[in-house]
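Please read the structure below before turning to the comments.
Since this is a predicted model, take the numbers as computed values, not measurements.
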Amino acid sequence: MSEQAEVRLIALIAVMAVVGCWLLARTFASRRKQRFLAIAHALGGQPEMVNDYLISFQATVGGRVFEVRCQHIGGGGQEGSGWTPDWYLVTSTQLRGVSELHSADIRPRSRPSAAARVPTAEDFVVRDAGYPLRNGWFTPDVARSLQAFYLAKLPLEPLSIEEGCLVHRSRPLLSRFDAAGLRSFLERQAVVAAALERVL
């Protein structure tokens, strides 16, 4: 085979690889979208295609209204830096009576155990980056709600207090949850939100 023929063959293989990757990405995107839309309808939500990077719907679970988003964060997404560019499941609910000036992330240091004692503030990492949370906010009630939230073998990703909302973002949960799993997750997030409202 001549050198020119080899160059053409390599170029053809490269083009075919690019086209194959593009088709695969489109297939994954379509499946992710259809799966998210099916979950939205199962939870009684009306999904809205905001743009190419965001689909959202509202669901009422545990007596609270949640905004649930399938969102690309980083790169072409709409949120700021600090997140690995990818698709995330984002769930948020308004914290009634809590100042929008608060900004904090809360995550456990390790996986809690059902048989363990009620955790304390020492069992969690709290990054308070906004208006300081009031003294004594981390009560046993808050600790128990956080323990129950993370008992479900969730990835140890933070719950965030942002602009008067309790927000959770996760890459793996986007593909792991079905409608029943998401409902159970939101019920636990609602318990944490209620506990935080009582102390903040």
Open item on the list: Using 0.5 Å steps for rounding, measure from the NE2 atom of H102 to the CG atom of L166.
Closed with: 13.0 Å

Task: Cluster overlap M49 with I39, hydrophobic side-chain contacts below 4.5 Å - done: yes

TODO: Determine the minimum heavy-atom distance between S110 and L156, stating which atoms define it.
DONE: C-CD1, 4.0 Å

Open item on the list: So which atom in Q94 and which in G164 form the shortest heavy-atom distance, rounded to 0.1 Å?
Closed with: NE2-O, 3.2 Å

TODO: Using atom types as modelled and distance alone, determine if a side-chain donor or acceptor of S145 lies under 3.5 Å from a backbone N or O of V142.
DONE: yes

Open item on the list: Please tell me whether V192 and L89 are part of a single hydrophobic cluster in this structure, the criterion being side-chain heavy atoms less than 4.5 Å apart.
Closed with: yes

Task: Side chains of L159 and L196 in contact at under 4.5 Å (non-hydrogen atoms) - done: no

TODO: Please round to the nearest 0.5 Å and tell me the distance separating atom CZ of F138 and atom CG of L133.
DONE: 11.0 Å

TODO: Report the C-alpha separation of L174 and D86 in whole Å, then their side-chain angles, then the decisive distance to 0.1 Å, and conclude whether the side chain to side chain contact (heavy atoms under 4.5 Å, CB included) test is met.
DONE: CA-CA 11 Å; L174 184 59; D86 206 343; over 6 Å; no

Task: Aromatic ring pairing F185/H168, orientation class (parallel under 30°, perpendicular over 60°, tilted between) - done: perpendicular

TODO: Any chance you could measure R183, atom CZ, to D178, atom CG, to the nearest 0.5 Å?
DONE: 11.5 Å

TODO: May I ask you to decide if S175's main-chain N or O and R35's side chain share a donor-acceptor pair within less than 3.5 Å?
DONE: yes

Task: Pair V191-E187, side chain to side chain contact (heavy atoms under 4.5 Å, CB included): steps then yes or no - done: CA-CA 7 Å; V191 172; E187 287 171 349; 6.0 Å; no

Task: Heavy-atom donor-acceptor pair, R69 side chain to L54 backbone, under 3.5 Å - done: no

Open item on the list: Contact between S160 and R169 at the side-chain level, heavy atoms closer than 4.5 Å - yes or no?
Closed with: yes

Open item on the list: Under 4.5 Å between side-chain heavy atoms, counting indirect links through other Ile/Leu/Val/Met/Phe/Trp/Tyr residues: same cluster for V50 and F36 or not?
Closed with: no

Open item on the list: As a quick check of understanding, evaluate side chain to side chain contact (heavy atoms under 4.5 Å, CB included) for D123 and L146, giving each step before the final call.
Closed with: CA-CA 10 Å; D123 297 305; L146 288 166; over 6 Å; no

TODO: Check the surroundings of atom CD in E163: do more than 12 heavy atoms from other residues, nucleotides or ligands lie under 6.0 Å from it?
DONE: no

Task: Straight-line distance of R32 CZ to H72 NE2, nearest 0.5 Å - done: 8.0 Å

Open item on the list: If I compare all heavy atoms of V167 with all of S92, which pair ends up nearest, and what's the gap?
Closed with: CG2-CB, 3.8 Å

TODO: Can you see which heavy atom on F124 is nearest to which on P119, and at what distance?
DONE: CE1-CB, 3.8 Å

- [ ] Please check if the side chain of R188 supplies one atom and the backbone of Y150 the other of a donor-acceptor pair under 3.5 Å.
- [x] no

- [ ] Spell out, yes or no, whether W87 and I55 are grouped together once hydrophobic residues are joined by side-chain heavy atoms under 4.5 Å, including indirect joins.
- [x] yes

Open item on the list: Please determine whether residues V126 and L200 belong to a single hydrophobic cluster, defined as Ile, Leu, Val, Met, Phe, Trp and Tyr linked transitively by side-chain heavy-atom distances below 4.5 Å.
Closed with: yes

Task: Least distance between heavy atoms, R107 atom then P158 atom - done: NH2-CD, 3.4 Å

TODO: Without swapping roles, check the side chain of R109 against the backbone of E122 for a donor-acceptor pair under 3.5 Å.
DONE: yes

Task: Approximate separation, where rounding is to 0.5 Å, of I106 CD1 and F149 CZ - done: 10.5 Å

Task: Steps toward side chain to side chain contact (heavy atoms under 4.5 Å, CB included) verdict (F57, L37) - done: CA-CA 9 Å; F57 70 92; L37 293 177; over 6 Å; no

TODO: List the atom of S103, the atom of D128, and the distance in Å for their closest heavy-atom pair.
DONE: O-OD1, 3.4 Å

TODO: Hey, could you give me the CD/CG distance between Q189 and L182, rounded to the nearest 0.5 Å?
DONE: 9.5 Å

